Amino acid sequence: MSNGHIDPFQLEGLFYSKYSKIICMRQPPENNKIFCLVDCNNFYASCERLFRPELADKPVVVLSNNDGCIIARSNEAKKLGLGMGLPYFKYESLIRRHRVTVFSSNYALYGDISQRVMDTLMQLEPEVEIYSIDEAFIALPHGRHVDLNTYAHSLKATIDRYTGIPVSIGCGPTKTLAKIAGRLAKKDPGAQGVFNIIDHHDPDSLLAGIDVNDVWGIGSRHAARLKNQGIRTALQFKNCDDAWLKKTLTITGLRTAMELRSIPCIALQETPPARKSIATSRSFGTPVESLASLQEAVATYTTQAAFKLRNAKLLAGVIHVFLRTNSFKKEQPQYCASRTFTLPAPTSHTPLLIGAAGRLLRAIYRSGYLYQKAGVLLTGLTPAGYQQMDLFSPPDRRDNSLMQAMDKINSRWGRDTIHSAATGFDRSWHHRQLRKSPAYTTRWTELPTVKASFPQVSSMA
DNA sequence: TCTGGGGTCCTAGGACCC
DNA sequence: TCTGGGGTCCTAGGACCC
């Protein structure tokens, strides 16, 4: 092989036996598909604008939980230099000066709008992978659309018409190249939201213009290591030696390089794999010192995690609890700890889980610290229908009727209508959410009101 | 005053088994 | 002098994603 590259089709067997991992898809090239990435533009900001049309060309930002960081920006806000993940409080004056509209995150709204976008896509295309709340991959057989660009533009227009959400579409021979095409669709003003890297006359020249950090799968740590070695662009990364890549960035890094060489290694996942963990954690609105407050918070997070568990029809076999002080406050004493407990039998019973979480918390709690965050992680998940019984203890006769009744009440009358006393009533630790928009599409009481006035009609037939 | 949350995968190393 | 080989499972840590 030239350049020290490993031919994936030739050596796949070797990799398979040596590492027990498949590094590329075993597909004859003629069966290869075209991958398209459909990516909602500035998704959270676009969702907020749907119901505030007067903000269409104004700067908008959306904040993370606890109103901590900026996690979505409209193009106008990006131009002001408001970067992704920046702490809000440091930019408050800039935001006020430029009259940027600020929203706390409203996940009920974004989740519902996302569902509409994905439903639209799935009505139009048979092979869809919902990759995240604002992105989906679709796979198209070669030759299905004579003019891929025209097709992608019409797809974009349809999603816009059905949902009001603007999207960008990138097409490539692999998912990684489709991601790069999607990036070019956004950055290149001539692209008008669609970029097809397959028919480009010189794809390498495009890769030469892409920072290695902007390649899907290369994060800041790996990028720094690569740049230390003089590898700065996607093209240089693509041409790296395979053995070195595998050693330095593990099998995932090698896969990414293969994908840049148009060799598909990452398959379309139409059915999402079973979940392996369910977590709920939050930063506190103000630092928390007392065990009592922490117990309320942890009981509340456990309640939410258990609800997610039942919704997914799963049981948890293991529960983890963690807490930590604010690592940004270097001058304060720091402490962080976590502990795990394997439950006697998998369960989704909230009181049982709250009890276990409370014991774990008491075991790791140390007084004299200002805690900033705590959380609960449920793992060892199994389907609710297949519970493994304990040989030595009698079967758990607790039925699910209590949990079912609570879930029913809370879904009918709103979350938290009925809850365990352990979650408390005061909740001084509760996180901030000062600028949240209404749940326009998911709560009857928060439906938007439309006022229309009709011009006087003088004569009607 | 104020810095998110929820996931996944890979690897190395230790414990343990026969 | 000299102490196996092959395997699984679990965990922690590090990296990535949106």
Side-chain angles (χ1 to χ4, degrees), chain A residues 19-23 37 39-40 42-44 61-72 83-93 95 102 104-105 107 110-111 114 129-137 175-176 179 182 212-226 245-256 265-266 269 272-287 301 304-305 308-309 312 317-318 320 322 324-330 332 336-340 342 370 372-381 431-434:
Chain A
Y19 304 110
S20 302
K21 295 282 187 290
I22 302 171
I23 64 161
L37 174 73
D39 189 352
C40 301
N42 314 327
F43 182 56
Y44 296 171
V61 299
V62 180
L63 304 179
S64 64
N65 268 324
N66 215 26
D67 292 349
C69 297
I70 297 167
I71 55 165
M84 179 73 177
L86 295 178
Y88 170 55
F89 74 92
K90 286 192 182 169
Y91 293 84
E92 244 179 318
S93 67
I95 281 170
V102 179
S104 300
S105 36
Y107 291 106
Y110 313 149
S114 170
E129 171 187 343
I130 299 172
Y131 175 63
S132 74
I133 194 165
D134 67 338
E135 283 175 61
F137 286 102
K175 285 165 104 177
T176 304
K179 285 283 270 187
V212 71
N213 199 182
D214 294 330
V215 174
W216 187 44
I218 307 295
S220 58
R221 299 297 181 100
H222 283 341
R225 283 183 76 178
L226 288 167
L245 273 175
K246 164 118 198 349
K247 194 167 136 263
T248 317
L249 304 185
T250 78
I251 192 84
T252 48
L254 177 54
R255 265 189 212 130
T256 297
C265 302
I266 307 170
Q269 286 198 321
R275 293 178 75 172
K276 298 183 171 170
S277 64
I278 287 177
T280 302
S281 68
R282 292 283 178 280
S283 295
F284 304 129
T286 48
Y301 304 155
Q304 287 172 21
K308 292 185 208 171
L309 197 61
V318 180
H320 315 252
F322 72 88
R324 64 177 319 140
T325 51
N326 188 341
S327 56
F328 288 100
K329 303 244 171 193
K330 300 264 186 274
Q332 290 176 359
C336 102
S338 70
R339 194 161 288 193
T340 298
T342 301
L370 291 171
Q372 183 236 356
K373 185 174 182 175
V376 173
L377 178 69
L378 302 175
T379 58
L381 305 185
H431 66 275
R432 282 183 303 272
Q433 254 192 338
L434 301 175

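Residue numbering restarts at 1 for every chain, and letters A, B, ... go by the order of the sequence lines. As the structure is a prediction and not an experimental result, all values here were calculated from the model.
- In this structure, the side chain to side chain contact (heavy atoms under 4.5 Å, CB included) partners of A/T342, at least two apart in sequence or on a different chain, are A/V318.
- Once rounded to the nearest 0.5 Å, the distance linking NZ of A/K276 with CG of A/L381 reads 10.5 Å.
- Between the OH atom of A/Y107 and the P atom of B/dG4 there is a distance of 11 Å, given to the nearest Å.
- Spacing between atom CZ of A/F322 and atom P of B/dG4 amounts to 12 Å, rounded to whole angstrom units.
- With sequence neighbours left out, A/D39 forms a salt bridge (Lys or Arg N to Asp or Glu O under 4.0 Å) with A/K186.
- Residues A/C69 and A/G85 share a closest heavy-atom pair of SG-O, 3.8 Å.
- Every residue was checked against the side-chain hydrogen bond (donor to acceptor under 3.5 Å, both in side chains) condition with A/Y301, not counting sequence neighbours, and none meets it.
- Of the side-chain N and O atoms in A/Q372, none sit less than 4.0 angstrom from OP1 or OP2 of B/dC2.
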Encode nucleotides 8-18 of chain C as B, S and - characters from 5' to 3', where the letter depends on protein heavy atoms closer than 4.0 Å: B to the base, S only to sugar-phosphate, - to neither. -------SSSS
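- Looking at which nucleotide of DNA chain B each of A/T250 and A/P87 is closest to, the 5′-most match is held by A/P87.
- Mapping A/K329 and A/Q304 onto DNA chain B via the closest heavy atom, the residue that lands nearer the 5' end is A/K329.
- The ring pair (Phe, Tyr, Trp, His ring centres under 6.0 Å) check on A/Y131 picks up A/F137, A/W216, with sequence neighbours excluded.
- Counting any heavy atom pair closer than 4.0 Å across all strands shown, A/K247 reaches no nucleic acid atom.
- Contact between the side-chain N/O atoms of A/S283 and the OP1/OP2 oxygens of B/dT3 is not found at any separation under 4.0 Å.
- To the nearest angstrom, P of B/dT1 lies 16 Å from CG of A/N66.
- In this structure, A/S105 has no side-chain hydrogen bond (donor to acceptor under 3.5 Å, both in side chains) partners at least two apart in sequence or on a different chain.
- Contact annotation for A/L377: no contact, since no heavy-atom pair falls under 4.0 Å across all strands.
- By the side-chain hydrogen bond (donor to acceptor under 3.5 Å, both in side chains) test, A/Y91 pairs with no residue at all, sequence neighbours left out.
- Counting to the nearest Å, the P atom of B/dG6 and the CG atom of A/L378 are 11 Å from each other.
- At whole-Å resolution of the value, CD in A/Q433 and P in B/dC2 are 18 Å apart.
- Rounded to whole Å, atom P of B/dC2 lies 14 Å from atom CG of A/D67.
- Within the structure, a side-chain polar atom (N or O) of A/K373 is placed less than 4.0 Å from OP1 or OP2 of B/dG5.
- Across B/dC16 and C/dG4, the matching C1' atoms stand 16 Å from one another, rounded to whole Å.
- Every residue meeting the side-chain hydrogen bond (donor to acceptor under 3.5 Å, both in side chains) condition with A/T252, not counting sequence neighbours, appears here in chain and number order: A/T250.
- Using modelled atom types, one side-chain atom of A/N213 and one backbone atom of A/I218 make a donor-acceptor pair closer than 3.5 Å.
- Which of B/dG4, B/dG7, B/dC2 sits closest to the side chain of A/F89 comes down to B/dC2.
- Counting to the nearest Å, the P atom of B/dT3 and the CZ atom of A/R282 are 15 Å from each other.
- Over its full length, the helix from B/dG5-C/dC18 to B/dC18-C/dG5 turns its helical axis through 0°, comparing axes from the five pairs at each end and rounding to 10°.
- Looking at heavy-atom distances under 4.0 Å, A/N65 makes contact with sugar-phosphate atoms alone, never a base.
- If you check every strand for non-hydrogen atoms under 4.0 Å, A/T286 touches nothing.
- One can place OH of A/Y301 at 14 Å from C1' of B/dG6, the figure rounded to the nearest angstrom.
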